There are 2 protein chains.
Amino acid sequence: MKPLHQKIRDDIENQIRSGALKPGDRIPFEHELMAQYSVSRMTVNKALTPLDEGGLIERRKRAGTFVRLPRLDSTVLDIPDIQHEITARGEVYRFELLSYALHKANSDEERELAGSGKVLALTGLHFASAKPLAFERRLINLEAVPQAESVDFTRQSPGHWLLGVVPWTHVENQISAQPAEGQTALHLRLDEGTACLVVDRRTWRGTERITTVRQVFDGGAYRLIASFDQR
Amino acid sequence: MKPLHQKIRDDIENQIRSGALKPGDRIPFEHELMAQYSVSRMTVNKALTPLDEGGLIERRKRAGTFVRLPRLDSTVLDIPDIQHEITARGEVYRFELLSYALHKANSDEERELAGSGKVLALTGLHFASAKPLAFERRLINLEAVPQAESVDFTRQSPGHWLLGVVPWTHVENQISAQPAEGQTALHLRLDEGTACLVVDRRTWRGTERITTVRQVFDGGAYRLIASFDQR
DNA sequence: TTATGAATTATGTATAGACATATTAGGCGA
DNA sequence: TCGCCTAATATGTCTATACATAATTCATAA
């Protein structure tokens with residue numbers, strides 16, 4: 001049998017991760033949870049404290065307990081937000097949409113993402129101070145993120161938009177070095193064969209896939225930084 | 001003023017991170033800590049529970065509380081252990097020492113590591129099934145790891161040895177793509193200009209620097225995998 | 001009208017006590 | 001000697017209570 005405080009914690013965490021509770025929403029007061037689960041305040045507190053320390057919720061005296069906004073800082077390599085990183089170092093950021101297509105999943109890669117559902121396929125370029133920095137090819141699972149269909153990605157990059165809108169629970173990055181080729185080399189204004197940093201990333205919310213993206217960076221102009229503290 | 005339970009937790013965590021308490025050592029029983037800090041058992045328990053959940057200690061009824069062994073699995077990109085990864089995928093691993101030097105720190109990079117103390121400078125090659133996979137240049141701070149002086153690195157790679165011997169608390173990785181050049185290209189048997197994956201890593205124990213390493217991988221043969229769960 | 005201060009409210013920390021559970025040590029009988 | 005039962009022991013969970021702290025509301029006084 002699971003301890004009471006852990007059941008309460010899991011319930012709330014699931015509501016947040018599933019999206020039933022959105023950032024900014026208020027979680028019931030401790031005395032409300034006491035009544036709801038028929039437990040003492042110490043037990044409710046023991047359930048909420050780890051969620052607070054884990055950064056999932058925010059607690060304010062007199063005001064109550066609220067769902068936190070997803071953390072967007074991350075020097076750490078969880079999900080690099082290119083737009084954020086470029087503006088953070090004082091350069092001007094711009095995203096240019098190269099292609100846009102909405103269709104049923106019809107390749108292995110697309111079916112891995114969306115089963116037999118619909119997929120949004122985009123390509124685009126990230127600019128830092130008018131210089132092309134990264135070429136990106138992205139697939140978005142429209143089952144998981146239906147709102148994506150009505151967003152204008154000529155104005156904002158899909159990665160930046162997704163980070164703010166969809167909470168993710170799991171990411172996998174594959175990082176490799178590859179020579180610049182064909183269209184990608186042209187877009188990045190690099191000679192064929194120039195060393196590029198390639199990041200292939202897949203994200204999940206729970207067991208549901210959200211997006212698949214390949215980003216190709218000019219190897220000389222960009223480096224990933226991953227910083228870790230031992231748990 | 002810091003809460004009591006946090007002071008107790010910090011004290012114990014510091015003793016573990018500094019090496020004063022080693023893996024396997026027993027931490028005082030709850031009733032001993034009660035007396036030592038003049039607090040109730042709930043407070044001691046509140047101090048120890050997060051250390052348990054964080055994997056730093058292990059608690060067994062009747063037996064007591066013990067310092068955990070450091071986790072060495074890590075699909076995650078904390079500290080990739082090349083030897084471990086190669087053998088894990090069924091290939092034969094070999095390390096070849098190319099150069100070995102022991103001297104006082106005399107470059108900026110070496111002084112950043114060891115101040116005015118002594119440094120062990122190594123270069124070597126990692127082989128996967130007789131094929132060179134990575135070239136590595138490593139500096140070890142002998143103030144932090146004096147035992148390194150008496151280890152035979154022709155037989156085992158310094159990275160693998162360090163992981164087992166020295167507990168680290170913090171790592172910073174910089175990952176970039178660069179063309180193969182000069183000696184490095186020769187050692188890896190690559191043409192000049194081939195895309196390589198370069199990892200620059202610095203590790204700390206507390207505020208003390210342990211090692212600095214640059215690893216250059218054949219971009220086509222190696223990829224880093226970084227997998228994350230949202231906290 | 002504005003500044004001040006007191007009451008209210010929700011969380012933060014800590015206590016003492018109680019019972020539960022897992023594990024081990026020791027004693028007892030076959 | 002071996003197996004089994006029971007004691008003892010350390011951690012696990014939970015309650016009821018108390019006082020502290022931060023933030024807000026609201027009444028009161030200048």
Side-chain angles (χ1 to χ4, degrees), chain A residues 1-17 20-71 231, chain B residues 1-17 20-71 231:
Chain A
M1 190 51 192
K2 195 156 49 174
L4 293 174
H5 71 261
Q6 200 173 324
K7 159 143 188 61
I8 301 173
R9 193 197 311 184
D10 290 352
D11 281 359
I12 293 172
E13 183 162 352
N14 285 335
Q15 285 173 38
I16 295 175
R17 301 242 187 252
L21 283 171
K22 282 185 274 292
D25 285 359
R26 214 200 79 230
I27 285 172
F29 297 124
E30 291 191 347
H31 71 262
E32 291 173 323
L33 291 170
M34 284 172 68
Q36 192 174 319
Y37 287 96
S38 300
V39 296
S40 72
R41 191 164 81 89
M42 277 300 292
T43 303
V44 172
N45 194 274
K46 189 166 185 175
L48 295 180
T49 299
L51 294 176
D52 186 20
E53 290 179 354
L56 220 64
I57 60 174
E58 184 184 352
R59 318 198 73 193
R60 289 202 303 276
K61 292 176 185 182
R62 175 71 209 242
T65 302
F66 303 86
V67 179
R68 264 245 172 97
L69 295 166
R71 3 196 317 158
R231 280 170 299 272
Chain B
M1 190 48 193
K2 193 155 52 174
L4 293 173
H5 70 262
Q6 200 173 324
K7 159 141 187 64
I8 301 173
R9 193 197 309 184
D10 290 352
D11 281 359
I12 293 172
E13 184 163 352
N14 286 336
Q15 284 173 39
I16 295 176
R17 301 245 187 249
L21 283 171
K22 282 184 275 291
D25 285 358
R26 213 200 79 231
I27 284 171
F29 297 125
E30 291 191 347
H31 70 262
E32 291 174 324
L33 291 171
M34 285 173 68
Q36 192 174 320
Y37 287 95
S38 301
V39 295
S40 71
R41 192 164 80 89
M42 277 297 291
T43 303
V44 172
N45 194 274
K46 192 168 185 175
L48 296 180
T49 299
L51 294 176
D52 186 20
E53 289 178 355
L56 217 67
I57 61 174
E58 185 185 349
R59 317 197 74 195
R60 290 201 304 276
K61 292 176 185 180
R62 175 68 208 242
T65 302
F66 302 86
V67 179
R68 262 244 170 92
L69 295 166
R71 7 197 309 161
R231 277 169 300 270

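Chain identifiers are assigned alphabetically (A, B, ...) following the order of the sequence lines, protein sequences preceding nucleic acid strands; residue numbering begins at 1 within each chain. Computed from a prediction, not measured in an experiment: that's the story for all the values here.
Both the sub-6.0 Å distance and the 45° axial angle are not jointly satisfied by B:Arg59 relative to the ring of B:Phe66.
Base orientation of D:dA7: syn, the glycosidic angle falling within 90° of 0.
Looking only at side-chain heavy atoms (C-beta outward), A:Tyr37 and A:Thr43 stay at 4.5 Å or farther from each other.
Among A:Leu51, A:Leu48, A:Ile12, the single residue meeting the side-chain contact (heavy atoms from CB on, under 4.5 Å) criterion with A:Leu56 is A:Leu51.
One finds no salt bridge joining B:Glu53 and B:Arg68 here, because no Lys/Arg side-chain nitrogen approaches an Asp/Glu carboxylate oxygen to under 4.0 Å.
In this entry C:dT24 has no Watson-Crick or G-U wobble partner, no candidate having both defining distances under 3.5 Å.
Applying the salt bridge (Lys or Arg N to Asp or Glu O under 4.0 Å) rule to pairs touching residues 32-43 of chain A yields A:Arg26-A:Glu32, A:Glu30-A:Arg41, sequence neighbours excluded.
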>> I need a per-nucleotide contact map over nucleotides 10-16 of chain C, read 5' to 3'. Cutoff is protein heavy atoms under 4.0 Å; write B for the base, S for backbone only, - otherwise.
In response: BBBBBBB
